[in-house]
Amino acid sequence: MAPTRPLHAPLTPVRSPRQLGTLLATLVLAGAAVTPALAAPPSPAQLQALESALNSSSDTALAGLLQAGPGLDPALLESRRRLLRQQFPDARWQLRSGAQLRNGQPTVTLRVDGTRRQGGTTYRLEAEQQLALQSDGTRINGQTVLRERSLLRSGDKPLPVSLLIPDAVLTGQRYDVDVIFDDPLDGALSAGGIAAITPQQQATMASPSMELGALGGGGLFKIVRAPLSPGSQTWAVLLVHPDGIVSATKRVRVVADRQSLEP
């Protein structure tokens with residue numbers, strides 16, 4: 001990335017001031033943003049095998065572990081994993097147990113970290129999802145993405161930022177999308193922008209265009225409105241600072257009732 005531009009060619013330099021590269025480093029493309037029905041979760045052995053397969057150098061390591069089902073497309077998953085490994089050859093996935101849902105179904109947290117060098121600059125990726133997975137006892141055959149975010153930062157000392165965007169909102173609700181530099185700017189000039197990511201861009205890890213503007217405070221602050229129908233919104237944010245660039249994505253579940261704000 002260069003100061004004139006994390007999802008199309010998700011991890012390549014900015015080619016123009018309006019181009020954003022934001023990364024959705026996800027396990028798979030999400031299905032509907034709804035609380036899943038109670039389903040059999042994967043066994044600890046299946047989760048361990050999944051983590052090993054994600055970190056394998058084989059292009060077919062996931063083939064025997066996954067089956068197409070609600071929210072889960074094994075071919076798309078494998079394609080996205082290959083693309084991510086091309087961009088970050090040292091990418092590592094980690095799976096760990098997460099909090100239970102209100103219906104008692106367990107969840108898992110999937111995290112991926114990686115670095116790359118380009119043009120003398122180091123880029124560091126951190127991405128995380130909370131997932132509710134289901135299994136038929138042999139293969140994982142469904143998922144719901146409950147939370148999702150990614151951060152991509154450049155520079156020898158990555159800028160610390162806080163991503164203040166809700167996990168879930170009500171249909172039609174106005175809400176804040178804020179990304180804040182944790183350290184004082186001390187007079188440094190910064191610029192930023194925000195753009196919505198379409199489902200097609202998510203599927204292909206393609207970048208939206210973004211107009212950058214000067215930031216008057218210690219980050220980017222914007223009020224947006226949720227759609228009138230349940231589903232999800234994904235936002236891409238880019239901050240440009242003299243010490244480096246921060247790009248982020250955050251997925252927001254859009255639900256019809258307050259009870260569904262917490263899955």
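Note: hydrogens, waters and symmetry copies are ignored here, and every other heavy atom, side chains too, is used.
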**Report entry** ring pair (Phe, Tyr, Trp, His ring centres under 6.0 Å) partners of Tyr175, counting only residues at least two apart
**Finding:** none
Report task. Kindly give the cluster partners of Leu164, where membership spreads through any ILVMFWY side chain lying under 4.5 Å from a current member. Result -> Ile180, Phe221
Query - Non-hydrogen side-chain atoms of Leu212 and Met210 separated by less than 4.5 Å - result: yes
Report task. Using a strict cut-off of less than 4.0 Å between a Lys/Arg side-chain nitrogen and an Asp/Glu carboxylate oxygen, indicate whether Arg147 and Glu262 qualify as a salt bridge. Result -> yes
**Report entry** Contact check, side chains of Leu125 and Leu84, non-hydrogen atoms, under 4.5 Å
**Finding:** yes
**Report entry** Arg102 side-chain N/O to Gln259 backbone N/O, donor-acceptor pair under 3.5 Å
**Finding:** yes
Query raised in the report: Within a strict 4.5 Å, meaning less than it, do heavy atoms of the Val112 and Leu54 side chains meet?
Result: no
Query raised in the report: Are the side chain of Ser154 and the backbone of Ile245 linked by a donor-acceptor contact shorter than 3.5 Å?
Result: yes
Requested in this report: For Gln67, look at atom CD and say whether over 12 heavy atoms of other residues, nucleotides or ligands are found less than 6.0 Å away.
Outcome: yes
Query raised in the report: Do you know the tightest heavy-atom contact between Leu131 and Gln129?
Result: CD2-OE1, 3.6 Å
Query - Ionic contact status for Asp167 with Lys250, cut-off 4.0 Å - result: yes
Report task. Go through the side-chain N and O atoms of Ser232 and Arg253 and say whether any donor and acceptor fall under 3.5 Å apart. Result -> no
